[in-house]
Amino acid sequence: MKILGLSAHYHDSAAALVVDGVPVCAVQEERLSRHKNDAAFPSSAIDWCLDRAGLEPDDLDAVVFYERSMLKFERILTCALRAFPRSWRAFPHAIKNTLGEKAWARGIISSHLGVRGRRIVFTDHHASHAAAAFLTAPTRRAAILTADGVGEWATLTTGHGERRDDGTTDITLQREVRFPHSLGMLYSAFTAYLGFAVNQDEYKVMGLAAYGQPRMVDAVRKVIRRTRDGAFALDLDYFEFQTTASRSYSAKFVDLFGPPRQPYEPIDVRTVEGRRFADCAASVQRVLEDTLVDIARQLRRESGLTDLCFGGGVALNGVANARILAESGFERVFVPSAPGDAGCALGAALYADRIYFRNPDRDVPDHPFWGPAVVPDELAQAARDDGGTVETLDDRALADRVADDLARGRIVGWMEGACEFGPRALGHRSILAAPHARDMRDRLNRDIKNREEFRPFAPVVPAEAADRYFDLPPGGARLGRFMSGVFPVRAEWRSQLAAVTHVDGTARVQVLERAMAPRLHALLEAYGRRSGIPVLLNTSFNVAGEPIVTSAVEGYCTFRRCAIDLLVAAPAIVAKRAAASTREPKGDEAWLSESVAESGAV
Ligand SMILES: [Fe+2]
C-alpha cells in the first residue's frame, strides 16, 4: 500500500511516503523551496517523494493530512467568538487564513495532486505526533506523551502504544489538555517576550536559560498553575494568543515580568537587563521541565511501562528531555528526529497504515536520513565550473585528509548521503570543526552562522567513547542518537571541549553509532588519533536565515559565501583557493596545535 503523509499550513510543511508499511522518503518543504520554515502546501516535497519512488499521484492508495482541518477551524472560530469584541481585529485575518487553506485541505490536496477526495484521509494532529514518536522507535510497548503549541484542540496528550505479536498495532491517547492551556504556547509567549521569533526561536530561550538563575519561578507559576488531576492551566489574564495573532502576552504579563526585550536589542548577560532576561528564560525553562517531569512521572506510574515515546514540538527541548529520563522513572525515552509538525507528515502516513488501514506491523529503520541524497559528481562539476580543483579520495584517505584539516583548525562542510528529516544536522549536512577552543565557537558564530554568542554548539562523539567525555545516565545514549538530550560534559574535559560546552557545563551531544553514519564515525576516529579526543563540533550546514543545504550545488554556494575552508561530499573534496585556506590556528587554538604536535600525527 502506498501512503503519502502531508503536514502543511502552520509552519514547517513536509511530505513523507510510506510503501508497504515502511518509510521510503520524507522531506521538509523548506529543504527544496529554500524558504526557511516554509509553511506553504508542500508541492516540491510531494513531487520529490513521488519522483524518488517512481510513482504518479494516481498510484497512491491514500493521502493523509496530519490534522483534522475542520476541527481546527472550529477551534479558531470558537476562540474568536468567545473573545469578541476584543478579537474583532484578528477575526477577519483568522477566518481568511483558515477558510483559505486550513479548512479546505481536502479540496487543496485534491486539486494539487489530482487524486479523488475519498482517497484523502485525516488524522488527529496529536495522533500524528504520537505515531511519529512511537512507530519509528525500536520498542513494542511504550507510554506516549505529546506536547506542542496546539493542533485542533489538544495541546498535550498521554496514552500508550502497542505493536502486538499478531501484527496489529494500537495507539490510544487517553488524556488531553486542551487549548488555550498549552505548554508550547506558554514557552512561545516567553519566546516573544524575550524578543525572539515565535515558532522558530524557542531553542534560543533554552540556550539563554543556562546564563540565568530561575529567580522568577514563582512569577511563572502565577501564569501557569498545576491542576489537581496532574495537568496544568494557564491564567489567561496574562496572555493574548488566544484572542489575537498579533501578541502572545498581555499588559498584565508585562506588569509581572517587566518591560519586554525589543527584537533588535542585543542581549548582554553582563548587564542588569540582560541578566533579567536570562533569569526569565531560566524560570520558564524550569517550570516547563518540572511540569513535564511530573506529567511523565504520573504516566510512568499509571501505565506501568518502562519506555516512553515523546513527540510534539516541546520534545525539541533537550534539557527537559534529559530531566524526564533522569527523574520520571522511565528507563528509555525515545524522541524522533522530527518531533515537530514536519514529522507529523511521516507520523500521519504511519498512523493511517497501521491504525486506519490495519496493515501489519513493520519495523521502521532507526535513522533520520530520509531526504534527497547528495551527488558527489555535482559537487565536482560545480567546483570545476567555478575554476576550482577537486580531489577524489578513498574512504580511508578521505578521513585522514579531513581529520588533518580539522586538527589544523579548519572548518569543514560535510555532506553525505540522504539529508536528515527534522531540524537537526546529524552528520549528513553538517559543518564540522575542532571542539577544543572557545575561539572556534566565536569564529563560527561570527563568520558563518551570524548568531548570538550565547547560543551553544553541539558535539558529536562515537557511541563507544561517549561516556568518557559526557556524563550520560542510563538511556542517555539513546536520547543522544538524534541530539535530543542535553547532558553534562565531564568536568575534566570541559576546558578541552570549550567550543561545545555550554556556560552551565552541558552539551547537546550527538552519540553516533558507526552503522548510522560510517564515514563520519571513521572521521571521528581519525580525528581522535590526531587530537587524542574523538569529538567534533557539529552544527547544521547553513548560514543565518537559510534552511540547511540539500544539494551539492547549494552546499558549494554556501561554502563559497562563508568561512568554510573545506567542502566534502565523499569521495569528492574541494578546498578554498589561495589565502583563504592557509589560515593557521591562533590564540587558544594553540592547545590543539601543541597536542597534535605531541602526537606527531601531522
Ligand atoms: Fe504540533
Side-chain angles (χ1 to χ4, degrees), residues 5-16 26 28-30 37-42 45 64-76 79 97-98 101-102 105 122-136 144-159 171 173 175-189 191 197-203 241-242 245 248 288 292 295 309-317 320-321 334-352 421-424 484:
L6 302 180
S7 149
H9 297 153
Y10 189 45
H11 53 88
D12 216 6
S13 296
Q28 290 139 269
E29 183 70 3
E30 65 160 27
N37 298 320
D38 196 339
F41 186 80
V64 193
F65 195 63
Y66 79 127
E67 63 184 12
R68 297 186 190 278
S69 334
M70 288 311 290
L71 277 179
K72 190 163 187 166
F73 178 54
E74 175 200 277
R75 190 248 306 158
I76 291 166
C79 291
N97 192 17
T98 309
E101 288 177 336
K102 296 183 175 79
F122 295 81
T123 54
D124 289 337
H125 186 101
H126 278 256
S128 303
H129 278 312
F134 174 60
L135 294 175
T136 62
I144 296 174
L145 170 64
T146 65
D148 67 358
V150 64
E152 297 93 357
W153 281 100
T155 67
L156 180 144
T157 68
T158 59
I171 291 177
L173 299 179
R175 293 190 183 183
E176 66 179 31
V177 177
R178 294 189 133 212
F179 187 86
H181 306 291
S182 162
L183 288 178
M185 289 296 187
L186 170 81
Y187 211 78
S188 291
T191 302
V198 169
N199 283 334
Q200 196 173 308
D201 290 346
E202 277 70 8
Y203 59 97
F241 65 79
Q242 69 279 19
S248 304
L288 175 90
L292 285 169
I295 290 170
C309 294
F310 184 20
V314 176
L316 286 165
N317 194 304
N321 294 347
F334 297 97
V335 175
S337 68
D341 282 2
C344 285
L346 181 57
L350 289 169
Y351 188 90
F421 186 49
R424 296 191 173 132
S484 305

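Every number for a ligand or one of its atoms is a count from 1 in the order of the listing.
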Considering all heavy atoms, the nearest A45-E29 contact: N-OE1, 2.8 Å
Going by side-chain contact (heavy atoms from CB on, under 4.5 Å), name the residues that satisfy it together with A352, two or more places apart in sequence or in a different chain. I3, V64, Y356, F357
Sequence neighbours left out, what passes salt bridge (Lys or Arg N to Asp or Glu O under 4.0 Å) with E202? Give chain and number order. none
Which residues and atoms, protein N, O or S only, are under 2.8 Å from the Fe ion (ligand 1)? H125 NE2, H129 NE2, D148 OD2, D341 OD1
Can you list everything that forms a side-chain contact (heavy atoms from CB on, under 4.5 Å) with A131? Sequence neighbours excluded, please. L135, I171, Y351
Return the orientation label for the F179 and W153 ring planes: parallel under 30°, perpendicular over 60°, tilted otherwise. perpendicular
Candidate pair V177 and L183, rule side-chain contact (heavy atoms from CB on, under 4.5 Å), full reasoning: CA-CA 10 Å; V177 177; L183 288 178; over 6 Å; no
